[in-house]
Amino acid sequence: MSKPLSFYRSYFLSKTMSFLRRRNGTDSSKTRVADPNIKKDGAADDDKKKDEYKIPQRRNYGSKKWSCWDNCCWFIGLICSIWWFCLFLYNTMPDSIPQFVTMAITGPLPDPPGVKLRKEGLMANHPVVLVPGVVTGGLELWEGRHCAEGLLGKRLWGGSFGEFYKRPLCWLEHISLDNDTGFDPPGIRVRPVTGLVAADYFATGYFVWAVVIANLAHIGYEEKSLYMAAYDWRLSFQNTEIRDQSLTRIKSNIELLVATHGGKKVVVLPHSMGVQYFLHFMKWVETPAPRGGGGGPDWCAKHIKAIMNIGAPFLGSPKSIALHFSIEVRDIAALRAQAPGLLDKDVLGLQTFKHLMRMFRTWDATFSMIPKGGETIWGGLDWSPETETVNNSAKKGTDNSTRNTGGNGNICNTKGVNYGRLISFSKDWAETHSSKIERVDFKHVAKGDKLTNSSNCDIWLEYHEMGNRAIKAVADHKVYTAGSILDLLHYVAPKLMARGASHFSYGIADDLDDPKYDEYKYWSNPLETK
């Protein structure tokens with residue numbers, strides 16, 4: 001049944017009116033907000049509400065504590081940023097900053113000697129043999145303890161010395177020699193690196209032969225005409241032949257160079273201790289087998305064109321005395337003065353000073369650097385060759401560019417200095433005249449009351465066998481010359497010197513025809529060999 005029309009009309013009107021009322025209410029509220037007075041009050045209420053929400057948030061944020069995790073994150077981020085910045089500088093900066101600055105100021109650097117020689121038309125002629133000196137040749141591991149796992153065939157000496165920082169005690173154990181035999185300890189095999197890379201760089205950025213090799217390459221030399229006579233510089237000269245046949249290898253390679261270059265003789269460039277080593281080689285190669293190489297008395301004349309010695313310590317070096325006696329050379333003494341006690345303390349279980357002394361005292365080749373010739377060569381208590389040369393020049397009125405003179409012509413900085421005194425136990429004793437020095441004969445003082453090992457490391461030196469009385473007697477002797485220094489070393493380190501005396505000599509020959517001078521211990525001493 002259909003509804004009447006009046007019903008739909010009333011229903012539609014009611015819905016329309018309700019819709020209009022809702023719309024008018026909304027418009028009136030907007031009108032009220034638009035009123036300035038009402039807006040002011042509403043804004044104030046809104047601001048209060050905002051403040052109620054904002055203030056607690058600010059208080060919570062401001063009162064938040066800096067946690068350990070935040071510190072770690074910031075620290076890691078800082079390290080990474082510094083690392084990336086350094087990496088960026090490493091890849092953008094020139095290889096040599098000093099060279100770059102020099103070139104920017106003075107212009108391009110002059111041509112190296114090799115380039116100049118090539119421009120003059122000089123090219124490679126005779127083959128060249130390079131003989132490195134002490135500590136400059138690389139050493140690599142071929143057998144080791146469990147602590148050296150992963151180092152087979154890698155360098156222990158030379159290069160970055162990274163293994164020293166990673167495992168110092170293990171490194172020291174492998175780089176040291178046996179105190180009794182002078183060879184590698186049982187279970188360890190360290191051998192010299194071969195080829196030109198054996199001594200081109202001692203460490204990163206510290207070149208030895210690299211510049212010489214580069215200049216020789218400019219005039220046509222290459223590896224087939226260059227030979228690096230690498231050897232284990234820790235061993236005594238004769239022991240390098242016994243263990244590695246190093247002398248035989250040098251002989252064979254020189255013969256090969258001569259044969260492959262049309263009979264042209266070699267030019268030899270020994271450096272530092274390599275000068276003494278090659279002197280030993282020349283005596284060995286002409287000595288009949290089995291004591292020598294059996295090359296005959298004219299082998300050197302047939303195969304060697306010339307020898308150019310670089311920094312030759314034919315008569316030894318006073319610096320080696322300090323190394324054997326207390327390991328305190330100039331650099332270490334300066335470090336000890338700046339940081340007293342640093343090298344005497346146990347740092348991460350490594351007592352640096354004693355470990356260095358123990359390691360150095362196992363390297364027999366260093367005995368070759370002890371001064372030779374005694375007081376005849378190096379001077380006595382009140383004279384030395386240096387002072388005599390200076391005094392004679394001053395008397396003759398000659399101009400000596402190697403000495404400093406004041407305005408009145410007197411010698412400066414030489415008053416009271418006597419270089420014949422190689423060791424003095426105070427500055428006063430170094431300058432006092434010998435007639436005013438009372439010295440104690442330490443050689444007859446019995447050793448006793450052994451010193452206790454106060455370090456946390458298991459290190460025992462021969463000094464612990466001496467005792468306080470013997471040490472005091474050594475100091476009371478006050479000054480030592482080249483004549484008494486050997487007695488001192490025999491007293492404080494008898495085991496050390498027993499090995500050294502069996503491989504090297506330090507005197508002056510009375511008669512070179514005496515058969516005893518045919519022994520190999522005299523071959524590296526120019527004062528006791530032909």
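Classification of the W299-H303 ring pair by plane angle, with boundaries at 30° and 60°, yields parallel.
Using a cut-off of 4.0 Å between Lys/Arg side-chain N and Asp/Glu carboxylate O, K516 and D511 are scored as not salt-bridged. At a threshold of 4.0 Å, the pair D513-K530 counts as salt-bridged, since one of the basic side-chain nitrogens sits closer than that to a carboxylate oxygen.
None of R291, H503, H280 except one satisfies the side-chain hydrogen bond (donor to acceptor under 3.5 Å, both in side chains) rule with Q238; the exception is H280. Paired with R234 under the rule salt bridge (charged side-chain N to carboxylate O under 4.0 Å, His left out), one option of D178, D244, D184 passes, and it is D184. Just one of R189, R243, R191 meets the salt bridge (charged side-chain N to carboxylate O under 4.0 Å, His left out) condition when paired with D232; it is R243. Each of S368, P526, P270, S524 was evaluated against V275; a single residue qualifies, P270, per the side-chain contact (heavy atoms from CB on, under 4.5 Å) test.
Annotation for F183: atom CZ counts as buried by contact number, over 12 foreign heavy atoms lying within 6.0 Å.
Ring-centre distance between F504 and F237: below the 6.0 Å cut-off.
Residues satisfying the side-chain hydrogen bond (donor to acceptor under 3.5 Å, both in side chains) test with D476, not counting sequence neighbours, are K472. Applying the side-chain hydrogen bond (donor to acceptor under 3.5 Å, both in side chains) criterion to K302, with sequence neighbours excluded, gives D298.
Here the shortest heavy-atom pairing between F278 and I307 reads CE2-CD1, 3.7 Å.
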